[in-house]
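Notes follow once the structure below has been shown.
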Amino acid sequence: MAPAAFGYRRHPDQDRHDPARHPVVVVGAGPVGLSLSIDLAQRGQSVVLLDDADRIGEGSRAICFSKRSLEVWDRLGVADRMLDKGVIWQVGKIFLRDAMVYRFDLLPESGHKMPAFINLQQYYAEAFLLDRVQQLPAIDLRWRNKVTGLAQHNDHAVLTIATPDGEYRLAADYVVACDGARSALRGLVGAEFEGEVFEDQFLIADVKMQAEFPTERWFWFDPPFHSGQSALLHRQPDNVWRIDLQIGADADAAVERQPENVRPRIERMLGHGDFSFEWISVYKFQCRRMQRLLHSRVIFAGDSAHQVSPFGARGANSGLEDGENLAWKLDLVLRGKAGAALLSSYDVERGQAADDNIRASTRSTDFIAPHSAQERRLRGAVLQLAKEADFAKRMVNAGRLSVPSVYDSPLSTPDAEAWAGGPKPGASMIDAPLARTDGAACYLSDAFVAAGRGFTLLHAANGAALPDGVGEIRIGRDAPLRDNAGHFAQRYDASPGAAYLLRPDGYVAARFKQPTPAALDAALARARGQA
Ligand SMILES: O=C(O)CCc1cccc(O)c1
């Protein structure tokens with residue numbers, strides 16, 4: 001797909017002597033910056049969104065978007081388009097040479113609005129997000145605005161921005177850096193990435209062809225078509241297939257990415273030459289993060305803050321989760337309804353998530369690219385055993401796929417009662433199928449949006465008085481929503497009277513078997529960073 005280009009337009013801010021002041025400036029109009037801007041705008045904030053390019057990203061880059069990301073996008077009003085265009089999948093298969101050793105299903109149960117994953121080229125995701133941005137007048141998107149300078153003050157930051165008309169300055173209460181792995185803002189705050197860059201290299205090719213492979217994730221160790229290395233295959237829309245081939249530490253990236261050198265590798269894999277290239281790149285796995293995501297008035301989200309290997313699909317998905325975690329907190333802080341403690345919890349929670357992701361990504365990278373002959377022998381034994389033995393299947397790590405982290409958070413109220421199941425404080429809500437009083441089917445995730453996407457009390461109708469400003473999802477025989485199939489009761493261990501206090505990002509702040517007004521008030525204050 002030819003990338004859509006957007007024109008630079010001079011803004012009146014550029015003619016001011018003193019910098020214009022805005023509540024939030026988001027830097028970077030990739031999936032994370034676009035989604036965060038939409039979220040903030042939907043919460044009533046005005047956002048200036050800057051991008052140094054004049055077009056959406058070329059090449060496919062991220063392709064796998066998780067259930068959690070789709071739930072975020074559903075709240076932002078864009079999931080339908082992503083689902084319509086994307087290819088839905090939930091099954092993965094792992095092969096050793098040409099024999100399958102392991103099969104997994106990422107969503108074996110029904111009753112969820114969103115699928116386990118979709119594959120969708122990043123340029124489509126960005127195009128759909130941009131269309132949504134254009135429906136929201138609160139977002140002022142400025143192309144070819146490149147951040148070149150930063151001055152931090154007590155209660156604001158001032159950015160210097162280069163444009164085709166020269167430089168201007170812009171002040172913001174908060175700047176959110178969604179400007180990607182090569183973040184200019186990370187350099188401007190003087191922060192470095194800390195972590196590992198792995199030596200092994202991978203060749204990515206997006207190949208256009210007619211093929212009958214099922215819509216599943218296929219991963220090979222030591223395949224006959226690429227001996228001694230690993231390979232990955234994913235279907236994308238428009239008959240485009242993502243192929244990742246491990247090419248080792250010594251490969252010359254500049255030579256390997258030449259189409260005439262890629263072609264024979266792909267022909268060996270497919271057994272024919274009836275394809276064309278859409279995109280080719282070579283990358284090294286990196287597992288690293290900034291030590292702090294908050295730098296005074298500049299907040300980092302997505303690849304500017306942390307990087308992981310593509311395997312596991314944690315890059316874009318964790319960036320979208322950063323955005324969702326930040327949007328409601330920034331909104332409350334900008335409204336003067338919460339203070340610095342709430343923003344600090346972004347650093348705590350998303351820092352933990354970055355560590356989880358880096359840990360998972362490092363483990364799978366070590367499995368895919370062993371460091372020594374001994375590690376390679378051990379891996380060979382695990383793969384052989386995995387054909388028969390369940391314990392060995394669990395040890396095969398070809399990049400387990402992105403799941404949301406469970407936060408050990410200062411915003412959570414620990415359980416005071418014993419629960420047999422259900423999402424615990426710090427975990428994200430789980431979807432469930434429900435019915436309205438007229439019998440129409442809906443999902444718990446729909447009810448959360450309908451309740452206003454603020455703090456929400458989700459309860460098995462208990463007559464509890466709602467704290468001020470809290471939305472409600474009431475489920476029960478005499479309530480607006482029914483749990484006819486019992487999925488809600490089972491997924492939430494929800495006996496009559498049980499209540500979950502949900503945060504605006506759908507995470508559980510607290511839960512009670514029989515809440516009292518005092519317990520709810522205390523949990524709410526804590527979840528707002530006030531305790
Ligand atoms: O299936 C996976 O583990 C992720 C696939 C993926 C995602 C992003 C880039 C890429 O080359 C592969």
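Counting convention: from 1, in listed order, for ligands and their atoms alike. Scope of the values below: all heavy atoms of this structure, side chains included, with no hydrogens, waters or symmetry mates.
- Distances below 4.0 Å separate heavy atoms of H234 from the following atoms of ligand 1: 1 (O), 2 (C), 5 (C).
- The distance criterion of under 3.5 Å between nitrogen or oxygen atoms is met by G312 with respect to ligand 1.
- Every N/O-N/O distance between R61 and ligand 1 stays at or above 3.5 Å.
- Q45 and R43 are not linked by any side-chain donor-acceptor pair at a separation below 3.5 angstrom, with hydrogens and angles left out of the test.
- Checked by atom type, the side-chain pair Q42/R132 shows a donor-acceptor distance below 3.5 Å.
- Across A205, P310, G399, G92, heavy-atom proximity to atom 4 (C) of ligand 1 is greatest for P310.
- Near L232, meaning under 4.0 Å from one of its heavy atoms, ligand 1 places the atoms 1 (O), 2 (C), 5 (C).
- In this structure W241 satisfies the ring pair (Phe, Tyr, Trp, His ring centres under 6.0 Å) test together with F213, sequence neighbours excluded.
- Atoms of ligand 1 found under 4.0 Å from any heavy atom of F311 (numbered from 1 in listed order, with element): 3 (O).
- Of the protein's non-hydrogen atoms, the one nearest atom 9 (C) of ligand 1 is R242 NH1, 3.0 Å.
- Between D244 and ligand 1, at least one N/O pair is under 3.5 Å apart.
- Between the side chains of Q236 and N119, no donor-acceptor pair of N or O atoms lies under 3.5 Å.
- Side-chain polar atoms of N261 and E256 form no donor-acceptor pair below 3.5 angstrom.
- Scored by the ring pair (Phe, Tyr, Trp, His ring centres under 6.0 Å) test, F95 finds W218, W220 as partners (sequence neighbours excluded).
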